[in-house]
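Step one of this worksheet: look at the structure below.
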Amino acid sequence: MADYSKEEIKRIEQKWQEKWATDGAYKVVNDTSKPKYYALDMFPYPSGAGLHVGHPLGYIASDIVSRYKRIKGFNVLHPMGFDAFGLPAEQYAIQTGQHPRLTTEKNIETYKRQLKQIGFSYDWDREVQTSDPQYYRWTQWIFMQLFNSWYNKNTDSAEPISKLTLEFEKNGNAHINAVVDEAVAAFTGMEWKAKSEADKEAVLQQYRIAYLSETMVNWCAALGTVLSNDEVKDGVSERGGYPVERIKMMQWSMRITAYAERLLKGLDTIDWPEAVKEMQRNWIGKSMGCELTFPIVKGQESGDKSEASEGIKVFTTRIDTVFGVTFLVLAPEHELVDKITTAEQRAKVDEYVSVAKNRSERERMSEVKRVSGAFTGAYAKNPFNNELIPIWIADYVLAGYGTGAVMAVPGHDERDHRFAKHYNLPIVQVVEGPDVIEEAFVSWEAKIINSGFMNGMVVDDAIQAGIDKVEEWKIGKGKINYRMRDAIFGRQRYWGEPFPVYFVNGLPKLVDDKDLPVTLPDIDQYKPTETGEPPLGRAKDWNYKGHSYELTTMPGWAGSSWYWFRYMDPKNENQFVSKEAQQYWKAVDLYIGGSEHATGHLLYSRFWCKVLKDLGHVDSEEPFLKMINQGHIQGVSKFVYRINGTKQFVSAGLRKQYEVTPLNVDINMVENDALDIEAFKNWREDFADATFILEDGRYICGSEVEKMSKSKYNVVNPDDIVSAYGADTLRMYEMFLGPLELSKPWATNGIDGVYKFLRKFWNLFHDANGNVAISNDEPTKEEYKVLHKTLKKIEEDIETFSFNTSVSEFMICCNFLTSAKCNKRAILEPLVIALSPFAPHIAEELWSKLGHSTSILTSKFVSFDPSFLIENSFEYPISINGKVRAKMNFALDMPKEDIEKLVIASEIVQKWAEGKPPKKVIIVPGKIVNVVL
RNA sequence: GCCAAAGUGGCGGAAUUGGUAGACGCGCACGACUCAAAAUCGUGUACCGUAAGGUGUGUGGGUUCGAUUCCCACCUUUGGUACCA
């Protein structure tokens, strides 16, 4: 006697989870003759709140694929681990003094317990934690490789720095074509050899892929650390929403810009959502244009119009509009500002520079449309028409992009137009189109006018002609520009990987390989030191052979930028991954996770993968071949409505009659929109004496779909669902909610349908008394047809990641078999195998009830047989003028003429035709008949 | 502003090489079982209309024998991005 009851579910789920664990059912071995499949979830940061039902969505999907691929004959790598370094544990440490390691360990424990009870097929022996010294020693090792390499543009590859110094000794840097941070001074081999060690290192820092430099950083005072560009949103920190300001600081950076072109091109080779690719393309921000120099002429007051030796270098994508330039604009931080400002204008310019400097990022962003600037008093000469144009400064020009200076063409650029209007600067039309006095006209298709030799050309041709001219005059050249900046790679924080770097006389040195890992020392407090050093400055006796270590730690993305390699060979003590393991597993075949990592993790991972490939450590150019972004599961918040100034609450349907304030109410106190009034009164003290205005005797709550969050009392914990319905029901319901990629609200109400399905499915194997009852009779044709239709659909759906429709198909099949009272082994056995990726526990249990002594994990998915699906007749919908009016059954091989005759003769067509002959009859075999009257 | 995705019953959603719109499930209504309730099972359920019939996939046009599916314009929502020259 065994119903599919709550107790029975609990028993079988625990039984099989234990059995799978003791049998090592999910253990993956590398060396095998089978084809491989690598299915990976984005590993989570273990937060203190634990999992809510939204988190497992993607994990369930990848688990279904993994299990399916496995019974299709693949050797499947499906691991899980933890991105364990991170700010929340450290913030908690600052507040409480508890070591972030303890917090993290505790959270990981909770996560693992929650994950395990959902029945994922992870090989936990391959688990990685980024905060584990045995893991981060390899993060440090990879950092060292990056420090020891440079990007050779000639070979389009990263190369060892030793090769570079060899060349320096021979020929200096004359023949080197490298990606470097700024203009590097030329030197000969002799000069190189004569340099001091410090000078040599200063030069090398300009070449290294991981390098130290003084740069503008996003400083977040509240978090006490710098943040990378992708961690700053709308001028505040992504985590916590604290203000961020731009300051200059000595920092570790990663020369990701060297890979801009490859990161861009590689996007065309990978199967990712177009939206994410587009985000990366925008982030990289490639633009093709022209760099040219406008000579500066001395201030007008001197009357001297002779050219100065210096010029202002600008970058433009619209050299075709160069005849329309009426002024130049420099960023306030531009190095020439000070030099060119005239005495008269000095005060105004200084004031503007200091105001612009102190404006926070936040203010700048929110005041995008506000025009501000100052005139330097200096003039430049337009090399194309020799006109004198004033030089201004304004903060709409960014120091970090292009050359930090623009040639302003107010007629054909909106920002320049706004600026010209505001300061009464001339506006000239050089592109044919509407008048530009009131509004800039921006077009890439029109003809160029008022532009000397460019007149009559279309934009593209004029751009080419302009570049040719600039190069002919040797005042500039065509140039490709990228928006992407090098990535800041240091945090003034404790809970991260220490750098394997120490300093001798201020010069950074790497520790020996054999001394890795450099472990995180214990400290008394997790705050910065009194002197403003990072927390690691508090560590006692922490040094490398008497030399002080780097005190910043690596950012959160360090450990996650290579972890998919570690899973391939997680215990290797000699390498981060062995050549054999890497060549077998290659890259991730399916990566499921959130699109919020588009310009962070997903970009950095591609970057590191390429560097490691260039240096010969791995042989895959791209880490994640296919990616799917799962949508978010949103919470459904419930509201009660308090009449303002009272303790009376009015039911949702009547709230319009009062002035009310909506209050979030715990969703556990609401069933089908009706509030449990007693529970509500007991919830919080101030509600104890609340009164209620009801409708139809019930208090109805309002609803709203919002983010799932504690503060909105709408969090649904998977533990509760598992204990009420079981893991199999949870898994299938999450899939049943809708397409994986879409965001959708969670409503626990609907889960009954999936639960009932599993119970019905269970009942197919049992008689009315709950005893196993399987028949060995030969199934009917109809039963076979339904089975194979289901198998076909499941296979197609899994291959296209359309799991919601698979669940529906299982239901349809089960409904049919239930009404047909079919308990035949020949039907149920293939079906239970097909169900096993979705609901592994019940499938394994029923599999054993079918008499199998080996696990269903070792079974083979039964592919559908098309011969069962062949139909010989079809019930045609008969539509008249496009509206379906009747159905008629015809053999599929019946000639069209015969069908037409029968249709025209039919009662229904006769009725609508009212005696007239039809104008036309369209017959699509196996689809439809349409009669046009 | 720009880029991307999406708008279908009371709700989640299904159907796109153009061919029966609303599969499957929730909810709801009615019925069975029960002293009763819960659970369970059955029937019905896009909308208007007693019916015949009509109307319906964000809005307005178009192509077609036939449009949720293709084309044009617009509206709304969500995500991303933001003075990138």
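- Distances shorter than 4.0 Å separate some side-chain N or O of A:Lys756 from OP1 or OP2 on B:C26.
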| request: Kindly determine whether A:Leu831 and A:Leu835 satisfy side chain to side chain contact (heavy atoms under 4.5 Å, CB included), including the steps that lead there. | output: CA-CA 6 Å; A:Leu831 209 54; A:Leu835 183 72; over 6 Å; no
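- At B:G25, one or more side-chain N or O atoms of A:Asn815 fall inside 4.0 Å of OP1 or OP2 (strictly under the cut-off).
- Taking 4.0 angstrom as the limit, A:Asn804 places a side-chain polar atom (N or O) nearer than this to OP1 or OP2 of B:A14.
- A:Glu291 has a carboxylate O that lies under 4.0 Å from a charged side-chain N of A:Lys479, or vice versa, which qualifies the two as a salt bridge.
- When heavy atoms are screened at a 4.0 angstrom cut-off, A:Ala275 is found touching the sugar-phosphate backbone but no base atom.
- Among the protein residues, A:Pro273 comes within range of no part of the nucleic acid, since none of its heavy atoms lies under 4.0 Å from any strand.
- One interatomic measurement links the two molecules: NZ of A:Lys313 to P of B:A85, which rounds to 18 Å at whole-angstrom precision.
- As judged by a 4.0 angstrom heavy-atom cut-off over every strand, A:Leu737 is placed among residues touching the sugar-phosphate backbone only.
- When the side-chain nitrogen and oxygen atoms of A:Arg418 are compared with OP1 and OP2 of B:G1, none of them lie within a distance under 4.0 Å.
- Aromatic pair A:Tyr733/A:Trp746: ring centres closer than 6.0 Å.
- Backbone-only contact: A:Arg759 has heavy atoms under 4.0 Å from sugar-phosphate atoms and none from a base.
- Computed from coordinates, the A:Ile633 CD1 to B:G13 C1' distance equals 14 Å when rounded to whole Å.
- Two residues are said to be in side-chain contact when any heavy atoms from C-beta on lie closer than 4.5 Å; A:His412 and A:His417 fail this criterion.
- Ionic pairing of A:Asp752 and A:Arg759 is not present here: no N-O contact between side-chain nitrogen and carboxylate oxygen is shorter than 4.0 angstrom.
- In this structure, A:Ile923 places its CD1 atom 17 Å from P of B:G66, rounding to the nearest Å.
- Within the 4.0 angstrom heavy-atom criterion, base atoms lie near A:Asn930.
- Within the 4.0 angstrom heavy-atom criterion, base atoms lie near A:Lys887.
- The residue A:Val924 sits close to a base: some heavy atom pair falls under 4.0 Å.
- For B:G1, neither phosphate oxygen OP1 nor OP2 lies less than 4.0 angstrom from any side-chain nitrogen or oxygen of A:Arg415.
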